[in-house]
There are 2 protein chains.
Amino acid sequence: MFRKLPVSTIERLSLLYHHCRRLRAERIERVSSSRLGADLGIPAHTIRKDINFLGEVGDTGSGYDVSRLQRHLAESMGFDQPHKTCIVGLGRLGSAFLSYSQLEPDGFPITAAFDSSINRLETIRTDIPLFPAHEIAEVVRREQIEMALLTVPAESAVEAAESLAHGGIKGIVNFAPVFVNPDPDTIAVRNMNVVNELRILSSLSTLKEANPQPLPEKNKGD
Amino acid sequence: MFRKLPVSTIERLSLLYHHCRRLRAERIERVSSSRLGADLGIPAHTIRKDINFLGEVGDTGSGYDVSRLQRHLAESMGFDQPHKTCIVGLGRLGSAFLSYSQLEPDGFPITAAFDSSINRLETIRTDIPLFPAHEIAEVVRREQIEMALLTVPAESAVEAAESLAHGGIKGIVNFAPVFVNPDPDTIAVRNMNVVNELRILSSLSTLKEANPQPLPEKNKGD
DNA sequence: GCGTGTGAACTGGTTCACAGCG
DNA sequence: CGCTGTGAACCAGTTCACACGC
């Protein structure tokens with residue numbers, strides 16, 4: 001249908017979808033691109049361009065109907081269907097997600113969780129079914145799990161990702177500080193690495209000091 | 001010195017720096033751009049271009065000296081100095097970081113942590129100094145804290161970010177699902193939102209199904 | 001010959017400017 | 001008159017191709 005959405009556009013539309021839900025919760029029914037831009041830190045014309053990838057949705061002269069916009073986003077990007085998700089690695093971070101109740105209502109029900117330590121599996125108390133790591137592929141396939149949060153130590157990340165691939169996973173959010181992608185043609189990976197983000201921030205600030213110029217202004221109107 | 005590094009280049013160089021440390025730990029002293037590219041999922045010529053922003057560093061015909069490369073990266077991007085870091089919000093996620101011992105050796109010592117619940121502050125046992133949220137600005141300024149991990153609920157994020165700004169923070173890693181940036185000219189923000197990453201993954205997979213074409217190959221050699 | 005360094009060509013995402021419509 | 005929609009212009013980053021040094 002909509003070939004070739006730039007990834008950056010997908011990222012922004014995903015943000016936008018979330019913002020629509022928020023606006024609806026606040027009973028706001030109508031919003032302009034410039035308002036959206038200010039709220040999300042994105043230039044207004046970029047917002048309009050992005051939305052137009054989905055076809056015409058706005059009402060000329062009076063902005064966007066929040067509900068309609070949300071519906072359009074949900075339908076065309078698949079935000080309306082839930083996607084079964086699993087957690088691989090139940091250290092501190094994985095455990096935190098295990099009890100992060102926001103995932104289910106946002107469309108990502110945690111359907112299974114894995115750890116290589118049987119000991120640890122027996123200790124954790126939760127309603128979510130827990131399995132040993134060697135059953136990853138089997139369970140993912142059986143339960144048709146699409147998404148994975150990969151929260152294992154760096155040493156185990158590649159192997160765990162391969163198991164997920166064997167199970168037919170569709171996407172991985174990788175928290176380990178190593179590159180994993182068993183099969184780039186089939187599996188998408190997003191990396192979330194705190195230390196790396198901190199490094200990026202620190203070099204941005206270092207480079208800025210060395211060359212004092214304001215960061216490009218991004219959240220103004222048109 | 002090196003004006004105008006694209007942010008994407010900074011991101012890759014930061015990854016590269018981390019990889020250098022790993023290689024050195026494995027006693028690997030010499031590496032080619034194509035090898036680096038394969039390890040990091042980045043095309044080899046992009047690696048070379050990125051590295052060249054720092055000036056000539058490689059040895060023609062025989063790749064890069066890992067130690068020298070690491071040193072160059074550290075010096076020009078400020079990776080060698082430690083940057084004091086704080087945690088704002090001690091829920092599950094914030095607490096996980098509080099005991100994530102990797103931050104200190106990677107150059108981001110946790111110097112303080114904050115929460116608005118005095119009760120919670122009294123419960124947590126740690127060597128890191130804890131403070132009530134209303135002291136954020138004061139402590140950040142006094143301790144010269146540069147970085148913050150913002151792990152508060154969405155409702156409190158904007159306010160917390162403003163306090164950090166008052167304290168003169170340089171960078172914020174924002175885990176809350178709202179846009180925060182009190183002062184784009186002075187403060188850099190990186191957003192890490194699991195639900196958003198999951199949505200991006202799900203729409204990538206949805207759009208791919210609707211239009212079955214392989215994702216662009218990224219981790220091949222030259 | 002292998003692997004870096006780099007100017008040149010390219011590509012595609014972002015920005016602009018304005019037409020069109022309520 | 002405000003705000004969307006959009007083709008055109010722009011520009012930044014990526015990709016290419018090849019010269020040069022080991």
Side-chain angles (χ1 to χ4, degrees), chain A residues 2-16 20 28-66 68-69 72-73 200 207 213 215-222, chain B residues 2-16 20 28-66 68-69 72-73 200 207 213 215-222:
Chain A
F2 315 115
R3 199 62 260 298
K4 226 179 40 172
L5 290 227
V7 174
S8 42
T9 292
I10 296 179
E11 291 171 351
R12 289 189 297 263
L13 288 178
S14 169
L15 245 30
L16 190 55
C20 282
I28 294 169
E29 279 299 341
R30 190 150 279 284
V31 69
S32 71
S33 62
S34 46
R35 182 59 198 280
L36 288 170
D39 290 348
L40 297 171
I42 299 169
H45 41 80
T46 303
I47 299 263
R48 291 203 296 277
K49 253 280 152 65
D50 287 341
I51 293 179
N52 274 111
F53 276 107
L54 314 177
E56 287 195 28
V57 170
D59 302 308
T60 312
S62 67
Y64 300 91
D65 178 282
V66 177
R68 188 145 66 102
L69 180 52
H72 264 259
L73 287 164
I200 292 165
L207 295 171
Q213 273 166 43
L215 293 170
E217 177 73 49
K218 287 254 172 178
N219 54 333
K220 63 180 172 198
D222 226 342
Chain B
F2 316 114
R3 200 62 260 300
K4 223 179 42 173
L5 290 226
V7 174
S8 41
T9 292
I10 296 178
E11 291 170 351
R12 287 188 297 263
L13 288 178
S14 169
L15 246 28
L16 189 54
C20 282
I28 295 169
E29 278 299 341
R30 191 151 280 284
V31 69
S32 71
S33 61
S34 47
R35 181 61 199 281
L36 287 171
D39 290 348
L40 297 172
I42 298 168
H45 41 80
T46 303
I47 300 263
R48 290 204 297 277
K49 253 282 149 68
D50 287 341
I51 292 178
N52 274 111
F53 276 106
L54 313 179
E56 286 194 29
V57 171
D59 302 309
T60 312
S62 67
Y64 300 92
D65 178 280
V66 177
R68 189 147 63 102
L69 180 52
H72 264 259
L73 286 165
I200 292 165
L207 295 172
Q213 274 166 42
L215 291 171
E217 178 71 48
K218 287 256 172 175
N219 53 334
K220 64 181 172 196
D222 224 344

Heavy atoms from C-beta onward define the side chain here; which of [options] lies closest to that of [X]?
| X | options | value |
| --- | --- | --- |
| B:R48 | C:dT4, C:dT15, D:dT6 | C:dT4 |
| B:S32 | C:dA8, C:dT14, C:dT4 | C:dT4 |
| A:P43 | D:dG5, D:dT14, C:dT15 | C:dT15 |

Check your understanding: Considering heavy-atom distances to DNA chain C, does B:G63 or A:R12 have its closest nucleotide positioned more toward the 5' end?
Key ->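 Nearest-nucleotide comparison on DNA chain C picks B:G63.
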Check your understanding: How far does NE2 of A:H45 sit from CG of A:N52, to the nearest 0.5 angstrom?
Key ->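 Answer rounded to 0.5 Å: 14.0 Å.
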Review point. Rounded to the nearest 0.5 Å, how far apart are CG of B:L13 and CD1 of B:I47?
Key: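 These two atoms lie 8.5 Å from each other.
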Roughly how many Å is it from [atom1] in [X] to [atom2] in [N], rounded to a whole number?
| X | N | atom1 | atom2 | result |
| --- | --- | --- | --- | --- |
| A:L16 | D:dT4 | CG | P | 12 Å |
| B:H45 | D:dA17 | NE2 | P | 10 Å |
| A:F53 | C:dT14 | CZ | C1' | 10 Å |
| B:L36 | C:dG5 | CG | P | 12 Å |
| B:I47 | D:dG13 | CD1 | C1' | 15 Å |
| B:L54 | C:dT6 | CG | C1' | 15 Å |
| A:E11 | C:dT14 | CD | C1' | 15 Å |
| B:L69 | C:dG5 | CG | P | 10 Å |

Check whether any side-chain nitrogen or oxygen of [X] sits under 4.0 Å from OP1 or OP2 of [N], and answer yes or no.
| X | N | answer |
| --- | --- | --- |
| A:T46 | C:dT15 | yes |
| B:Y64 | C:dG5 | yes |
| B:S62 | D:dC22 | no |
| A:S8 | C:dT14 | yes |

Give the minimum heavy-atom separation between [X] and [Y], together with the two atoms involved.
| X | Y | result |
| --- | --- | --- |
| A:A44 | A:S34 | CB-CA, 3.7 Å |
| A:C20 | A:L73 | SG-CD1, 4.3 Å |
| B:R30 | B:V66 | N-CG2, 3.6 Å |

Exercise for review: Have a look at B:R35 and say if it touches a base, only the backbone sugar-phosphate, or nothing, with a 4.0 Å heavy-atom cut-off.
Suggested key: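 No contact.
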Check your understanding: So, does the side chain of A:K49 form a donor-acceptor pair with the base of C:dT14 at under 3.5 Å?
Key ->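 Absent.
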Review point. So, does the side chain of A:K4 form a donor-acceptor pair with the base of C:dG13 at under 3.5 Å?
Key: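 No, the side chain and the base share no sub-3.5 Å donor-acceptor pair.
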